[in-house]
Amino acid sequence: MREYRHTAFRLEDTHVQLRSGAFTVETLVTKRAKLLELQFERSLLQRMFGVMSVKLTNRAHPVHVTTLLDIDSSLQPLITSWFEARTKDVEIDPHSQYSSLKQEACPIPSYVEVNSK
């Protein structure tokens, strides 16, 4: 309960700010282009209360995963559309081996939803 009261997030144009924790507070500020994956999870109990958990995987060394628990499910379209706009932020180096890949030929999912039973 204490952790729920201290959990907050803020989405801006190209940045996200996350704060979570109870006795120790973790704050993460990162660019949208640095995010690799967005994952939504809902347990049976979370579905009954209309909430979800959101996992953000950040490109760091080592990879950093942040989980926000019990976020209102009605915010999923907002979070998803914000994350999908990262295609404007990410650029592929024209000299890399992946420069010939096209978005249509190799679609990358923008988010993954896991439904726990």
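FYI, side chains are in, hydrogens and waters are out, and symmetry mates aren't considered; it's all heavy atoms of this structure. For this chain, numbers begin at 1 and follow the sequence in order.
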Listing, residues 54-61 side-chain donor-acceptor contacts under 3.5 Å, not counting sequence neighbours, or none:
{"unit_1": "Asn58", "atom_1": "ND2", "unit_2": "Thr30", "atom_2": "OG1", "d": "3.4"}

Does the side chain of [Y] come within less than 4.5 Å of [X]'s, by heavy atoms?
X: Leu11; Y: Phe83; value: no
X: Asp70; Y: Phe49; value: no
X: Leu35; Y: Glu37; value: no
X: Gln17; Y: Phe9; value: no

(message) My understanding is that a hydrophobic cluster links ILVMFWY residues whose side chain heavy atoms are under 4.5 Å apart, including indirect links. Using that, what else belongs to the cluster containing Val29?
(response)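 Its cluster partners, ordered by chain and number, are none at all.
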Shortest non-hydrogen separation from [X] to [Y] and the atoms involved:
X: Ser74; Y: Pro77; value: O-CD, 3.4 Å
X: Thr27; Y: Arg19; value: OG1-CG, 3.8 Å
X: Leu68; Y: Leu18; value: CD1-CD2, 3.5 Å

(request) Please determine if Arg86 and Glu84 form a salt bridge, counting it only when a charged side-chain N lies under 4.0 Å from a carboxylate O. (result)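 A salt bridge is absent here (no side-chain N lies under 4.0 Å from a carboxylate O).
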(message) Tell me whether Val65 shares a hydrophobic cluster with Phe40, the cluster being built from Ile, Leu, Val, Met, Phe, Trp, Tyr side chains joined at under 4.5 Å.
(response)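 No, Val65 and Phe40 fall in different hydrophobic clusters.
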(request) Output the distance between atom OG1 (Thr14) and atom NZ (Lys34), rounded to the nearest 0.5 Å. (result)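 Separation between the atoms: 12.0 Å.
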(request) Could you walk me through whether Val51 and Ile71 pass side chain to side chain contact (heavy atoms under 4.5 Å, CB included), step by step? (result) CA-CA 5 Å; Val51 295; Ile71 303 298; over 6 Å; no
(message) Ser73: which residues meet the side chain to side chain contact (heavy atoms under 4.5 Å, CB included) condition with it, sequence neighbours left out?
(response)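 Per chain and number, Ser73 pairs via side chain to side chain contact (heavy atoms under 4.5 Å, CB included) with Arg42, Met52.
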(request) Please confirm whether the backbone N or O of Trp82 pairs with a side-chain atom of Arg32, one donor and one acceptor, at under 3.5 Å? (result)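 A pair under 3.5 Å: yes.
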